[in-house]
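Each remark here refers to the structure printed beneath this line.
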Amino acid sequence: MKKFVLLFVCMFAMASMFAQTNFQELTLEKALEKAKAEDKYVFVDCYTVWCGPCRMMSEKVLPLKEVGEYMNKKFVCIKVDMEKGEGLNMARKYQVSAYPTFLVLTADGNLLHRVVGASVTGEEFIKKIEAGFDENSASNLEKEYAAGNRDMNFLVRYIKALLVSCDWDKAKNVAQEVIASLSDEEKCMEPYWFIYENIDLSPIGSGNVNYLLKHIDQFRQKMGVEKVDRKLASLFEIQLEDILRGRNRKATLEDVEKIKQMLDSYQLVGQDYLYNYIELIKAVKTANTNQTLDLYKKIFPKLSDEKIAYLYFMPILDLKEKWNEAQKKELLVLTQQMEEQVEYSKLKASLRNFRTGMLERM
């Protein structure tokens with residue numbers, strides 16, 4: 001009986017091991033050789049040691065059974081640190097500049113497909129990888145575009161394929177080609193909304209965003225209030241979060257008030273959280289620790305792990321010399337609560353280290 005149980009445990013362990021993505025310790029050259037021999041493609045997980053989303057993918061998505069079954073059948077998989085060894089040359093050759101980046105290479109080393117950024121689920125990740133093999137993939141549509149196909153429906157498909165393959169510069173150029181050919185009425189219509197909706201095609205301050213802001217009523221009529229307001233909210237969110245996380249330290253209270261006035265003017269539906277951001281920024285900039293603490297308790301328990309990771313720490317540190325003893329105790333309790341709430345192990349560790357290494361010593 002004991003032998004049977006041991007055998008069962010071993011079989012279960014082996015099944016679990018083979019279910020997850022099988023990353024092999026090979027150089028790129030050896031991986032390409034193996035892929036050629038096995039009639040497979042090479043999958044490269046391009047990461048850096050400091051990249052949080054890279055760790056999340058390694059912990060949460062790539063070990064999933066469904067991901068492993070898909071990847072192991074089709075690819076020779078390797079991981080490469082882009083900041084050392086052969087990763088330095090690979091980053092230059094395949095133009096890897098954001099992390100995580102996932103490359104799909106043919107057995108002769110040519111780039112077939114690129115995916116940039118993390119995926120929340122295994123299904124989403126597989127879908128992104130599989131898109132590179134579709135007849136509507138960017139690599140296939142590129143041939144038609146180069147041959148002179150400028151049919152509007154084709155161009156829309158081509159832009160979306162470029163976005164899937166994360167070729168943002170080319171996608172942006174083709175999108176501008178499309179927008180320039182449209183009438184004012186057509187620009188506000190559904191087939192082209194994705195161009196305004198996508199931050200890579202229409203970044204803050206771009207002509208597309210300025211056009212959207214000037215013609216907001218027309219877009220709401222054509223696209224619906226909820227969809228347009230959600231896009232507008234994302235634009236405000238980026239600006240406000242950049243201030244909170246310390247990426248825009250030049251912003252003054254006057255700047256924040258202007259943002260609030262603009263937000264008021266659009267009367268966005270269901271986006272009240274933006275006003276919480278504004279109040280938190282004002283509280284930090286005026287060193288109002290009582291209000292900052294109250295807003296922390298209100299805001300952060302509702303945020304995703306990703307937002308907690310880059311918004312939680314900086315405002316507390318900005319007020320490092322201002323907290324009184326009672327407030328420090330409340331921050332310790334809140335930080336421990338956040339540590340217990342979040343799912344990502346690295347974020348748990350960061351919150352724990354922040355609590356024990358910083359807050360307890362302030």
Check your understanding: Taking ILVMFWY side chains as joined if any heavy atoms are under 4.5 angstrom apart, and letting links pass through other members, which residues group with Val225?
Key -> Val269
Exercise for review: Give the ring-plane orientation class for Phe23 versus Phe43, where under 30° counts as parallel, over 60° as perpendicular and anything between as tilted.
Suggested key: tilted
Point to revise | salt bridge (Lys or Arg N to Asp or Glu O under 4.0 Å) contacts in which one or both residues fall within residues 50-64, not counting sequence neighbours | key: none
Point to revise | Set of salt bridge (Lys or Arg N to Asp or Glu O under 4.0 Å) partners for Glu254, sequence neighbours left out | key: Lys258
Counting only pairs under 3.5 Å, give me each side-chain donor-acceptor contact of residues 196-205, with atom names and distances, residues two or more places apart or in other chains.
| unit_1 | atom_1 | unit_2 | atom_2 | d |
| --- | --- | --- | --- | --- |
| Glu197 | OE1 | Trp193 | NE1 | 3.3 |
| Glu197 | OE2 | Trp193 | NE1 | 3.3 |
| Asn198 | OD1 | Asp200 | N | 2.8 |
| Asn198 | OD1 | Leu201 | N | 3.1 |
| Asp200 | OD2 | Trp168 | NE1 | 3.2 |
| Ser202 | OG | Ile195 | O | 2.6 |
| Ser202 | OG | Asn208 | ND2 | 3.1 |

Point to revise | Residues in ring pair (Phe, Tyr, Trp, His ring centres under 6.0 Å) contact with Tyr275, at least two apart in sequence or another chain | key: none
**Study point:** Glu190 and Lys227 ion-paired at < 4.0 Å
**Key:** no
Check your understanding: What pairs of residues pass the salt bridge (Lys or Arg N to Asp or Glu O under 4.0 Å) test when at least one of them lies in residues 149-164, not counting sequence neighbours?
Key -> Arg150-Glu177
Review point. Taking only residues two or more places apart in sequence, or in another chain, which ones meet Tyr94 in a ring pair (Phe, Tyr, Trp, His ring centres under 6.0 Å)?
Key: none
Practice item. Identify, with sequence neighbours excluded, every residue that meets side-chain contact (heavy atoms from CB on, under 4.5 Å) alongside Asp255. Key: Ala251, Thr252
**Study point:** Residues forming a salt bridge (Lys or Arg N to Asp or Glu O under 4.0 Å) with Arg92, sequence neighbours excluded
**Key:** none
Revision key, fill the gap. So ring pair (Phe, Tyr, Trp, His ring centres under 6.0 Å) across residues 332-362, not counting sequence neighbours, yields Phe313-Phe354
Exercise for review: Kindly say whether Asn288 contributes a backbone atom to a donor-acceptor pair with the side chain of Lys282 at under 3.5 angstrom?
Suggested key: no
Point to revise | side-chain hydrogen bond (donor to acceptor under 3.5 Å, both in side chains) against Ser137, all qualifying residues, sequence neighbours excluded | key: Ser139, Asn140
Study note, to complete from the structure: Quick note, salt bridge (Lys or Arg N to Asp or Glu O under 4.0 Å) partners involving residues 299-322, not counting sequence neighbours, are Glu237-Lys307, Glu241-Lys307, Arg249-Asp318
Review point. Distance only, no hydrogens: is a donor on one side chain within 3.5 Å (strictly under) of an acceptor on the other, for Asp229 and Gln267?
Key: no
Exercise for review: Could you tell me whether Tyr99 atom OH has more than 12 heavy atoms of other residues or ligands within 6.0 Å of it?
Suggested key: yes
